[in-house]
Novice: 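The following block contains the structure, expressed as structure tokens.
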Amino acid sequence: MQNILPKTILLIVIITMIIFNYSFPQERTKIINGKIVEVDKCGFPIDDSYLPKYISPEYMGYSYDSLLADLEQWRLSDYVKIDSIGLSVQGRPLWQLTISSDPNDVEDKRVVHIHARTHPQETEGFYVTDEIIKILLSENNFAQTVRSNCVFYIVPMYNPDGVVLGYPRKNANNIDLEANWFTFPNQPEVAALKARFTQLMSSANPIEVMLNMHSDSDCARFFVCHDSAGTSPLYYSLEENFIEGIRAYYLTGILPWDSVVTWQGGNPLKYPESWFWLNYAASVMALTYEDMYQCSLTGNFNVTANAILHGVMDYMNIVTDVEQVTEVTPKQFLLQQNYPNPFNPNTKISWQSPISGHQTLKVYDVLGNEVATLVNEYRNAGSNEIDFNVGRDFSPNLASGIYFYRIAIHSDILQAGDFLDTKKMILLK
Ligand SMILES: [Zn+2]
């Protein structure tokens with residue numbers, strides 16, 4: 001009898017959780033040596049008795065000396081300025097690269113911040129960052145456009161002491177800097193990066209995108225997406241936009257946007273992203289990227305870096321590919337993502353059709369109510385673009401939120417291939 005009561009209580013708790021659709025805490029679990037072990041967002045056990053105490057810098061693959069050598073190379077570029085945002089526990093500089101067309105004159109530039117190597121063993125997150133730096137410093141049109149529009153602040157090795165000491169996850173004071181952004185704000189590394197973020201956020205051009213580069217113990221590349229329950233429905237859809245925008249450049253390599261979702265129980269007040277959300281909400285796209293930690297598929301860092309940079313530019317509505325306009329009949333149907341997105345009050349929607357026929361383009365709210373008909377007529381094969389203006393095309397004005405636009409193209413000739421596609425857009429007032 002004595003054993004039944006606790007079991008009954010447990011059963012009631014579980015049933016209640018199921019009934020009320022309770023979200024379990026954001027931590028993932030794994031089975032290690034037959035035990036269920038709580039792991040952090042990078043997939044490593046939170047209880048560090050499961051982890052090696054020391055990993056040699058050689059095994060990690062990229063040492064502090066490697067960084068010093070690379071700094072000397074990067075320094076040769078006219079597009080780079082190198083300084084530091086502060087010192088580590090043991091007095092090593094937290095090196096910062098400022099990359100822009102003129103790194104000494106960045107007043108009008110839009111700001112992207114990247115930091116890597118918080119967890120010293122997660123070298124792959126740095127290798128992607130390294131490839132991002134290489135692309136940013138190259139002489140092609142894309143890099144030039146990025147540099148003339150943006151400034152990238154990059155801290156390639158945020159935990160240099162951990163790298164030198166061979167600590168897989170912690171700094172010289174034995175603190176996991178990633179998970180203790182709030183608990184140990186006076187750790188020199190945390191204080192330095194927080195001060196730098198605060199400085200940039202209070203400047204005329206605050207950070208728009210912040211990427212926190214890690215590697216995950218699962219053999220997968222993904223962004224750690226924050227659930228709408230811990231952020232907001234709007235931010236959740238912005239994340240979808242952002243991550244899928246990057247993924248479009250590397251569909252086979254990066255997991256879909258909502259493959260790993262955290263913050264289901266609210267803001268955990270642990271990570272740099274938590275801090276951004278707490279202070280600046282949806283104004284900053286602050287996410288952790290996880291590359292593949294030492295597995296058979298690890299690699300393609302340049303492909304990933306290219307996808308991230310193109311996706312970030314698309315998200316910031318910076319047009320990087322100037323394509324030649326040629327008037328040819330499109331070979332396939334295509335409904336493009338509206339631009340800009342989010343928008344207020346104007347956005348452009350474009351699509352193409354290889355056939356002539358009756359076309360309708362309608363806008364719906366999240367409940368599926370039709371709120372506007374933008375096109376309802378016969379059109380020839382070709383490319384189309386229409387300007388959707390909330391104040392002009394719809395009265396009374398639509399509220400902020402998610403809307404859908406749907407194209408339907410019906411050919412005159414039966415079975416010539418009708419086309420139907422829907423995309424999401426965000427009105428942000
Ligand atoms: Zn990590």
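Residue numbers run from 1 in the order of the sequence given. Note that ligands are numbered from 1 as they come in the structure, with each ligand's atoms numbered from 1 the same way.
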Novice: Establish, for the pair Lys194 and Phe182, whether the NZ or CZ atom is under 6.0 angstrom from the six-membered ring centre and no further than 45 degrees off its axis.
Specialist: yes
Novice: Quick one: list whatever passes side chain to side chain donor-acceptor pair (under 3.5 Å) with Gln73, sequence neighbours left out.
Specialist: none
Novice: For Asn317, check side chain to side chain donor-acceptor pair (under 3.5 Å) against everything at least two apart and list the hits.
Specialist: none
Novice: Cationic tip of Arg117 within the cone over Tyr158's six-membered ring, i.e. under 6.0 Å and within 45° of the normal?
Specialist: no
Novice: Once side chain to side chain donor-acceptor pair (under 3.5 Å) is applied, do any residues pair with Tyr62, and if so which ones, sequence neighbours excluded?
Specialist: Asp70
Novice: Does the ring of Tyr271 carry Lys41 above it, NZ/CZ under 6.0 angstrom from centre and within 45° of its axis?
Specialist: yes
Novice: Around the Zn ion (ligand 1), how many protein N, O or S atoms are found at less than 2.8 Å?
Specialist: 5
